Number of protein chains: 4
Amino acid sequence: MSTPPSRRKPRTDAERNRARVLEAARALFAEQGYDVQMSEVARAAEVGVGTLYRHFPTRQALIEAAAEHRSGELLAFARETCLATPDGLARFLGHIGEVLARDRGMSEAIETAMGSTEPQGETRTALQAVAGELIERGQAEGVIRPDVTVADVNMIVCGLAAVIRNAAGDWRRYIEITLNGLHPR
Amino acid sequence: MSTPPSRRKPRTDAERNRARVLEAARALFAEQGYDVQMSEVARAAEVGVGTLYRHFPTRQALIEAAAEHRSGELLAFARETCLATPDGLARFLGHIGEVLARDRGMSEAIETAMGSTEPQGETRTALQAVAGELIERGQAEGVIRPDVTVADVNMIVCGLAAVIRNAAGDWRRYIEITLNGLHPR
Amino acid sequence: MSTPPSRRKPRTDAERNRARVLEAARALFAEQGYDVQMSEVARAAEVGVGTLYRHFPTRQALIEAAAEHRSGELLAFARETCLATPDGLARFLGHIGEVLARDRGMSEAIETAMGSTEPQGETRTALQAVAGELIERGQAEGVIRPDVTVADVNMIVCGLAAVIRNAAGDWRRYIEITLNGLHPR
Amino acid sequence: MSTPPSRRKPRTDAERNRARVLEAARALFAEQGYDVQMSEVARAAEVGVGTLYRHFPTRQALIEAAAEHRSGELLAFARETCLATPDGLARFLGHIGEVLARDRGMSEAIETAMGSTEPQGETRTALQAVAGELIERGQAEGVIRPDVTVADVNMIVCGLAAVIRNAAGDWRRYIEITLNGLHPR
DNA sequence: TATGAATGAGGCTTCATTCAT
DNA sequence: AATGAATGAAGCCTCATTCAT
C-alpha cells in the first residue's frame, strides 16, 4: 500500500561515500600529516562522523587506507616506469621523494611501515619485490654493490622520509649521497 | 579556592630534586619517546607534579632540558674522542647511533632539531662546528668527498634517527652505506 | 590516544539538551554566581561535559548565553510593562531588583557589562534605548530631572547590583533613594 | 666558647617584615584587586612565602589586614576632616570615592564588608559611628532627610564601590545623585 | 624566625568513538 | 545506511598552603 520500489543506489551511495572520505582524508593528511581530527575529515568529506566510522572503523584504519592508496600509485609507477629504465632505483627513489614531498602524511606512514614487523599488505609486498628487482638490475648493470638488499633500500627510504618531513636539507642531495653509497667501489 | 593538606615525604635539597626529575624524565623519554605524561614523570621521580613544574615550567622545557643534557654528552664525546681519530666522522656517526639506539626521545629530538630553523642553542652550534671539523679532516685525508658539507651530515643523521627509531633495519649498515656515499669516487 | 567505551543514557533531541544545559547553568549561576565548575553544570544538566562544550564552546560562552537569556526577559518586561506606565523608570528599576535578587549571576554580569566598553549586544542596546525612553517620559512628566541620562541610570543599576549581591541592606530602599535623587528639586 | 651575645632584633625584624608584607600587599591589591597570588605578594615584599604566612595565616587574613589598614586611614580622615565640616557626609562620600578610585582592592573589600553580617571590627564599627554622626548633623542642618540611616549610607557606598570598580560612569555624579536622594523634599 | 621547595587537588578543554534516530 | 549529538577519559597547568631546613 506504500513504499515505492525505488532502489538501486544504497551500494553505490555507500561506495561513493567511502571514496569521498578517503579522498578528503588523503588531502588533509597530505597537507597536515596524520594529526587531524576525525571530525575534520568527516567535515571535509561532507559526511557525518558516523559514516566515516562505518567505512573505517578506526582512526588507524583510515590512515592505513589512505596510505595504501598512495602505495598503490607508487607501485604502479614503479612497475610502469622504473622497471623500464636502466637507472631504475634512482628513478624509484626520486619518485618516492616527489611523493613524500607532497604528502606529509605519507612520509609519516612510510617510516612507521618501514619499522613495522607486521604481516605486510599486498601492495607493500609487491613494492618490496619491485625494489628487489630494481636492485638486481642495478647489480647486473654494475651500478649497485652486490651486497645491497631490499632492507638497505628500506632504510634509505625511511631516512628519506625523515629528511623530507623535517625539511632537513635538500632531499635530492640525500638521495644522491645514499645512491652513491650503494655504488660499487 | 583552597587545598586541604596532606602528608608524604621530607623535602630534599632542591637541586637534588631537579636532578631526580630530569633523570626520571630522561629515563622515560629514552624508553618511550616524548609521548609521556607529566604526571608519569613526576611519579617516576617520586615527586609531586607541582615540583616538576617548579623546575620545568613547561612540558616543552622539560623535554628540551633532557635533550640538552644528552647533547652535552654527545658534544663531549665528539670533542674528546672523534677529533682525536683519523676516521672521526665514522666514529661520530657510530656514537650517535649508539646514543639514539638507547634513547628514543633523543631520536625524536634530533629529527625535529635538524629541521628547525630556530636560533640553535650553544651546544648544537658547537656540535655543528665539530661536525664541520670532522668533515674537513676527512677531506684532508681524502676519505670524504670535497663537496660534502655539514648540511649533508645533518641529513644523514636525521635519517639515521628515523632508521633507529623505527627499527627499520640495521642502523650500522645505514651508516656504512651513507658514509660510503660520502667517499670520493 | 583512544578512549574505552561506556554506557549511560539515550540521546535526546539536540535542542532539548542545549536547553537543559542552559537551564541548569542558569539555575546554578542564579544561586551561586558564575563561580561554578563546568563539570558541575554538566552534572546538574545530567549531561556529559562534552555535550556541554558542544553547545557552548567555552565557559565564557555559557555565561554569556545565560546572561543573554535573562536580558531578553528583562527587555520584554521593560517594553511590555514599563513603557506602558507613568512611573516607568521606577517599575524598571524595581523589576531589575527583583530579577537580580533571584539571580546572583545576573548581578555579577550586570556590573561587568556596565563597565564594559565593548560593542554591546543587540539586547543590551535595546535595553539602553528603553531606558532612554523611560527617562524622557519621566522628564516629560516632570518626575525626573532634565539633566538625567542613560549613563546615570546605568550607574544606579550597577550600584543596585552590588547592593543586592552583597545583601547590603534593603535594595528597595536603595532604589527609593536613588530615584529620589533623580527627581527635580 | 662561641655564640656572641648579639641579640635584640628578632622582634623588630619580625615587625619590620610584617610591615613590608602588608605594604607590598596593599600596593598590589590597590593596583590589581585581590586577584593576586600569595607568592607574588611575597616576592614584592622581598620575603619568603613562609614569612608571609607566619604573619598572615591565610590569604583571607592578609586581605583583611590590608583592608583594615585603609579603613583606619579612612576613619582618621572622617574624624579629622568630615566631622569638622557642615557638609560632612558629602565630604565623606567624596573622600571614599577618591580612595576607592585609587585602590581597586578596597572597592572589592568594601562591597563584601557592607554585606557581611560578621562581628565587625573595631574600625568598621567606629566608621559606622562617624557615619551616623554625619547623618545626624546633616539632619540637624536640614540637608538630610530625617529617615536616613547608616544602613542607607552603607548601601550607597556599596553601590559607589561597584560604580568605581567597573568604571561604570562618572562616580562623582553618582554621589551627587544619591546625595540628592538623601535630601529632604 | 625565615625561607622557598614541595605538594596535589582541582579546573578547563579536547577528541576518538559510540549509538539513538 | 547515514547522521551527528553525546560521552567521558585524559592531559596540561595553577596556586594556596605546608613543612624541612
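The structure presented is a predicted model; accordingly, all values stated were derived computationally and were not measured. In what follows, chains are A, B, ... by sequence order, proteins preceding strands, each numbered from 1.
- No side-chain heavy atom of B/T58 sits under 4.5 Å from any side-chain heavy atom of B/Y53.
- Salt bridge annotation for A/R124-A/E68: absent, with no cationic side-chain nitrogen under 4.0 angstrom from a carboxylate oxygen.
- Every residue meeting the ring pair (Phe, Tyr, Trp, His ring centres under 6.0 Å) condition with A/Y34, not counting sequence neighbours, appears here in chain and number order: A/F29.
- By the 4.0 Å N-to-carboxylate-O rule, B/E73 lies close enough to B/R70 to be salt-bridged with it.
- When the side-chain nitrogen and oxygen atoms of D/H55 are compared with OP1 and OP2 of E/dT1, none of them lie within a distance under 4.0 Å.
- Taking every heavy atom of residues 23-52 of chain D and every atom of DNA chain E, pairs under 4.0 Å involve D/V47, D/G48, D/V49, D/G50, D/T51, by number.
- The residues B/R104 and B/E31 are annotated as not salt-bridged, no charged nitrogen and carboxylate oxygen being separated by less than 4.0 angstrom.
- The distance from atom OH of D/Y53 to atom P of E/dT7 is 17 Å, rounded to the nearest whole Å.
- The CZ atom of A/R54 sits 15 Å away from the P atom of F/dG4 (whole-angstrom rounding).
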Nucleotide-level pairing of DNA chain E, given in dot-bracket where Watson-Crick and G-U pairs need both distances under 3.5 Å and | marks other strands = .||||||||||||||||||||

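- Computed from coordinates, the B/E15 CD to E/dG4 P distance equals 14 Å when rounded to whole Å.
- Close to E/dT1, at under 4.0 Å from its OP1 or OP2, lies no side-chain N or O of D/N17.
- Annotation: C/E40, atom CD; neighbour count of heavy atoms from other residues, nucleotides and ligands within 6.0 Å is above 12.
- Residues C/F56 and C/R18 meet the side-chain proximity criterion, which asks for heavy atoms closer than 4.5 Å.
- Taking atom CZ of residue B/F56 and atom C1' of nucleotide F/dC12, one finds them 17 Å apart after rounding to whole Å.
- Protein atom CZ of B/R16 is 15 Å distant from nucleotide atom C1' of F/dA20, rounded to whole Å.
- Salt bridge D/E46/D/R20: present, at least one basic N to carboxylate O contact under 4.0 Å.
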